[in-house]
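The structure appears below as structure tokens.
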Amino acid sequence: MIDEVLVQREAAALMPTYRRQQVAFVRGEGASLWDAEGRRYVDCMAGISMNNVGHCHPAVVAAIAEQAGRLINVSNLYYTEPMIALAEWIRDHSLGGRVFFCNSGAEASEAALKLARKHGAGRPGVVALVDGFHGRTYGALSLTGQPAKQEPFAPLVPGVRHVERDDMAGLEAAVGDDTCAIVLEIVQGECGVHPVPGPMIRLARELADRHGALLIIDEIQTGLSRTGPLFAYQEAGVVPDVMCLAKSLGGGVPIGAIVARPEFDAVFQPGDHGSTFAGGPLACAAALASCAVLADGALQEDVRLKGAALLADLEGLVVDGLATEARGRGLMCAIDLPLPRAADAVEALLAEGFLVNNTSARTIRMLPPLVVDGEDLDALVVALRRVLGGL
Ligand SMILES: Cc1ncc(COP(=O)(O)O)c(C=O)c1O
């Protein structure tokens with residue numbers, strides 16, 4: 001399955017920040033990946049929701065190739081048209097205000113935090129959710145409500161408080177006149193696909209309004225049709241002040257962004273924030289192509305149908321005692337296992353030709369490319385049944 005020499009070279013050359021699955025990929029197309037021996041795998045992770053359009057989508061490949069032959073990057077000292085076109089697209093499909101580009105999800109979290117701190121000068125408090133994930137740089141890590149990821153790197157950015165995703169009284173108590181922002185995901189992805197209850201999200205909006213804080217919604221994993229709508233907030237009954245994007249925005253090419261409502265157009269002024277690479281023509285050309293594919297109503301309807309069918313099948317695993325809970329919104333799904341054997345199940349599924357991941361010892365997450373075939377998802381469920389039954 002994997003060349004041992006490659007494993008040894010990796011171990012000798014890379015800092016061991018990842019526990020990689022024992023497979024190396026050389027080619028991808030749609031929801032299929034191939035290793036060096038030509039074995040096909042069904043990708044049910046989409047690069048952690050980075051490849052919503054599928055691998056090597058022809059429109060994205062063509063846009064990258066065309067742009068790469070003309071101009072790859074030139075920094076933010078100059079105007080380039082793809083950046084402006086992409087900012088217009090994001091603005092017109094979401095909050096109606098201006099966009100700031102960066103290169104990753106963590107950087108989008110950083111930008112949102114800086115915007116909120118500058119807007120709410122003198123009010124340093126930020127409220128985020130326990131189990132939320134917003135990235136691993138210092139500002140983003142400070143928002144991330146997962147102590148195990150934070151503790152080795154203390155002290156973090158001060159002023160951030162975390163409340164449980166269903167603790168409405170806790171949220172009300174935590175937000176006050178010193179709060180500049182409330183940060184949340186509509187569905188918490190990294191902790192195992194846990195939707196934040198609608199009343200909690202609506203309370204966050206109400207409290208942000210009451211205290212003059214910004215409601216920042218992190219759509220880095222949920223965004224770009226992953227849960228069905230273009231952005232998950234669109235079905236949550238709230239409009240954020242700031243939205244964070246990354247992952248699928250570039251169809252696999254690194255790019256992140258924040259967009260805000262028009263009243264925040266002038267918060268960042270020249271010199272306040274920036275990034276050499278950000279918004280470069282290559283990444284923006286890839287993103288424009290990716291976004292055009294993902295904003296399609298027929299694709300979104302297909303995501304809803306395939307997601308509902310997958311969730312029903314996963315609930316069947318619960319009925320049969322192979323899982324204890326199934327959760328899903330569109331093609332963002334997870335199951336909990338009765339035993340802490342999720343890592344073993346992930347390994348066994350890889351051997352069967354399916355890529356999924358475990359977000360904890362008991363939880364398996366599935367984030368297939370949105371273009372995945374229903375038959376591949378059916379085959380995944382058959383493999384899950386076999387693997388979980390054999391644990
Ligand atoms: C909701 C959310 N926010 C932020 C991030 C961080 O993104 P990146 O890994 O691009 O820094 C992630 C990554 O998993 C995420 O799921």
Side-chain angles (χ1 to χ4, degrees), residues 15 17-20 44-52 100-116 126 128-146 148-150 153 156-157 160 162 165 181-196 201 204 215-227 231-233 236 240 242-259 275 277-279 283 286-287 290 327 329-334 355-360 363 365-368:
M15 295 188 190
T17 53
Y18 284 96
R19 262 184 229 103
R20 297 180 209 277
C44 296
M45 280 308 291
I48 325 179
S49 202
M50 171 176 65
N51 291 303
N52 285 5
F100 171 84
F101 285 118
C102 51
N103 311 289
S104 68
E107 286 178 61
S109 301
E110 296 289 338
L113 181 58
K114 283 184 73 173
L115 189 87
V126 178
L129 299 188
V130 172
D131 287 339
F133 186 85
H134 303 285
R136 293 171 182 272
T137 53
Y138 264 92
L141 185 63
S142 306
L143 301 175
T144 291
Q146 302 186 26
K149 293 189 170 73
Q150 295 178 319
F153 306 102
L156 300 177
V157 173
V160 184
H162 291 92
R165 68 177 156 267
I182 305 172
V183 185
L184 54 85
E185 300 152 85
I186 300 294
V187 181
Q188 295 181 317
E190 292 303 294
C191 65
V193 186
H194 288 277
V196 176
I201 299 169
L215 177 62
I216 298 170
I217 295 193
D218 178 340
E219 294 258 11
I220 290 165
Q221 191 162 147
T222 52
L224 295 161
S225 305
R226 166 61 54 194
T227 69
F231 302 114
Y233 80 79
V242 180
M243 174 173 70
C244 302
L245 291 175
K247 290 200 187 274
S248 267
L249 184 59
V253 175
I255 181 167
I258 64 167
V259 56
S275 158
F277 284 118
S290 171
R327 295 178 291 279
R329 282 274 178 92
L331 283 171
M332 186 172 183
C333 296
L355 306 182
V356 297
N357 93 315
N358 59 303
T359 57
S360 72
T363 302
R365 173 176 53 169
M366 289 144 273
L367 300 164

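Every number for a ligand or one of its atoms is a count from 1 in the order of the listing. The first residue of the sequence shown is numbered 1, and numbering continues consecutively from there.
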Report the distance from atom [atom1] of [X] to atom [atom2] of [Y], rounding to the nearest 0.5 Å.
X	Y	atom1	atom2	value
D218	L143	CG	CG	9.0 Å
Q146	H162	CD	NE2	9.0 Å
F133	I220	CZ	CD1	9.0 Å

Margin query: Apply side-chain contact (heavy atoms from CB on, under 4.5 Å) to residues R327 and T363 and explain how you reach the verdict.
Written below: CA-CA 10 Å; R327 295 178 291 279; T363 302; 3.7 Å; yes

- Query: Does a donor on one side chain sit under 3.5 Å from an acceptor on the other, for S49 and R226?
  - Reply: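 Yes, side-chain donor-acceptor contact under 3.5 Å.
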
Identify all N/O pairs between ligand 1 and the protein with a separation under 3.5 Å and present them as a table of atom names and distances.
residue	atom	partner	partner atom	Å
ligand 1	3 (N)	F133	O	3.2
ligand 1	3 (N)	D218	OD1	3.4
ligand 1	3 (N)	D218	OD2	2.7
ligand 1	10 (O)	G105	N	2.8
ligand 1	11 (O)	A106	N	2.8
ligand 1	14 (O)	K247	NZ	2.9
ligand 1	16 (O)	Q221	NE2	2.8

- [ ] Have a look at E185 and tell me which of E219, R165, H134 forms a side chain to side chain contact (heavy atoms under 4.5 Å, CB included) with it.
- [x]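 Filter result, single survivor: H134.
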
